[in-house]
Amino acid sequence: AVYAIDAATGTFKWKRNLTNINATPVCVRDGVVYFGGANDPVYAVSAETGETIWQTSNTVGSSHYAGVTLASNKLLIVVGTTMYAFNTANGSQTWSTYIPRSGWAQSAPAVYSNRIYVAMNDGGDGVRVYDLNTGSNLFNYSGFNIMFQQTGPALANGRMFILGQQLSSTSCYMYAFNAAATSAPL
């Protein structure tokens with residue numbers, strides 16, 4: 001379920017039931033709350049009342065949601081091996097793209113300069129970079145023998161920062177990449 005609590009008073013405002021306990025985190029922008037759940041549609045609801053503004057006609061159907069991100073006029077959701085982009089105004093699907101994997105994306109995608117960055121947890125795929133407007137895979141930061149498990153990229157000042165664990169150790173490190181690169185580093 002998704003609950004709305006008044007931040008100033010702590011009082012309960014509304015609740016939205018879902019058919020499954022597995023749900024995305026929520027995103028909020030301009031008084032609209034966006035979320036989805038396993039075997040549920042993706043929803044946009046009023047933050048004030050919980051009333052549906054729109055919902056997708058289909059479910060995106062998986063128990064594995066990596067998270068949701070708002071970018072420009074798109075709601076991005078990574079579900080299993082697919083990333084979806086929905087129009088925030090009406091819920092229409094703008095595009096979807098297959099994410100080849102030997103692991104899972106376990107965090108919300110990050111967006112910088114019309115690019116989407118999706119961190120993978122398998123140690124080989126690293127971070128995949130997609131075009132925000134088309135969903136096309138541009139390139140991958142891969143081959144680093146690093147597992148980005150349950151941590152998403154943060155983007156600032158032209159850099160992508162991400163925590164990762166070397167597969168040959170139990171240590172975790174902060175990595176920084178050039179987010180403005182047009183190809184993966186050598």
Side-chain angles (χ1 to χ4, degrees), residues 1-5 13-101 103-121 125 127-141 148 150-156 160 162 179:
V2 175
Y3 294 87
I5 309 294
K13 292 181 75 166
W14 53 263
K15 172 184 171 183
R16 189 58 169 272
N17 287 319
L18 299 170
T19 58
N20 193 302
I21 193 168
N22 295 317
T24 67
V26 299
C27 278
V28 182
R29 182 195 295 160
D30 299 329
V32 180
V33 181
Y34 302 90
F35 59 92
N39 303 314
D40 281 287
V42 176
Y43 293 96
V45 303
S46 165
E48 187 63 32
T49 66
E51 290 183 39
T52 300
I53 296 169
W54 57 256
Q55 71 182 55
T56 58
S57 57
N58 298 331
T59 66
V60 289
S62 172
S63 60
H64 185 85
Y65 281 92
V68 295
T69 299
L70 288 164
S72 185
N73 66 340
K74 293 177 181 60
L75 174 68
L76 305 171
I77 301 180
V78 178
V79 182
T81 59
T82 306
M83 179 167 43
Y84 298 90
F86 297 98
N87 182 303
T88 55
N90 60 25
S92 63
Q93 184 176 309
T94 307
W95 51 258
S96 67
T97 191
Y98 173 71
I99 302 175
R101 66 151 186 94
W104 295 100
Q106 290 194 332
S107 62
V111 177
Y112 174 81
S113 188
N114 288 320
R115 294 182 184 171
I116 306 163
Y117 297 80
V118 180
M120 305 299 289
N121 77 340
D125 285 343
V127 177
R128 295 181 178 277
V129 182
Y130 296 88
D131 182 272
L132 177 62
N133 296 311
T134 65
S136 299
N137 181 234
L138 300 174
F139 59 90
N140 303 321
Y141 292 95
F148 301 116
Q150 296 178 343
T151 179
L155 298 147
M160 173 182 62
I162 189 164

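When reading the values below, keep in mind they use all heavy atoms of this one structure, side chains included, and skip hydrogens, waters and symmetry mates. These numbers were taken from a predicted model, which means no experiment stands behind them.
- One finds the OH atom of Y43 at 8.0 Å from the OG1 atom of T56 (value rounded to the nearest 0.5 Å).
- Other residues, nucleotides and ligands place no more than 12 heavy atoms under 6.0 Å from the CG atom of D30.
- A pairwise comparison of heavy atoms in G135 and T97 identifies O-OG1, 3.2 Å as the closest pair.
- Between the S136 side chain and the D131 main chain, no donor and acceptor come within less than 3.5 Å of each other.
- Applying the salt bridge (Lys or Arg N to Asp or Glu O under 4.0 Å) test to K15 and every residue at least two apart in sequence or in another chain returns nothing.
- Between V68 and Y34, the closest side-chain pair of non-hydrogen atoms is not below 4.5 Å.
- The two residues N17 and A1 have their closest heavy-atom pair at OD1-CB, 3.9 Å.
- With a 4.5 Å cut-off on side-chain heavy atoms, V111 and L155 do not count as touching.
- W95 CH2 to T134 OG1: the interatomic distance, rounded to the nearest 0.5 Å, is 7.5 Å.
- Nearest heavy-atom pair, L18 versus F35, reported as atom, atom and distance to 0.1 Å: CD2-CE1, 3.8 Å.
- The shortest heavy-atom contact between K74 and T88 is C-CG2, 3.6 Å.
- Judged by distance alone, with hydrogens and angles left aside, the side-chain atoms of R128 form no donor-acceptor pair with the main-chain N or O of N137 at under 3.5 Å.
- Listed by chain and number, the residues in a ring-ring contact (aromatic ring centres under 6.0 Å, His included) with Y112 amount to none (sequence neighbours excluded).
- Using a distance-only test at 3.5 Å, with no hydrogens or angles considered, no donor-acceptor pair links the side chain of S92 to the main chain of N87.
- For the pair N73 and T94, the minimum side-chain heavy-atom distance is 4.5 Å or more.
- Checked by atom type and distance alone, the side chain of Y130 never pairs as donor or acceptor with a backbone atom of M83 at under 3.5 Å.
- No side-chain heavy atom of Q55 sits less than 4.5 Å from a side-chain heavy atom of V45.
- Contact record, V118 with P109: CG2-CB, 4.0 Å, taken as the closest heavy-atom pair.
- Between S96 and Y84, the closest heavy-atom pair is CB-CD2, 3.7 Å.
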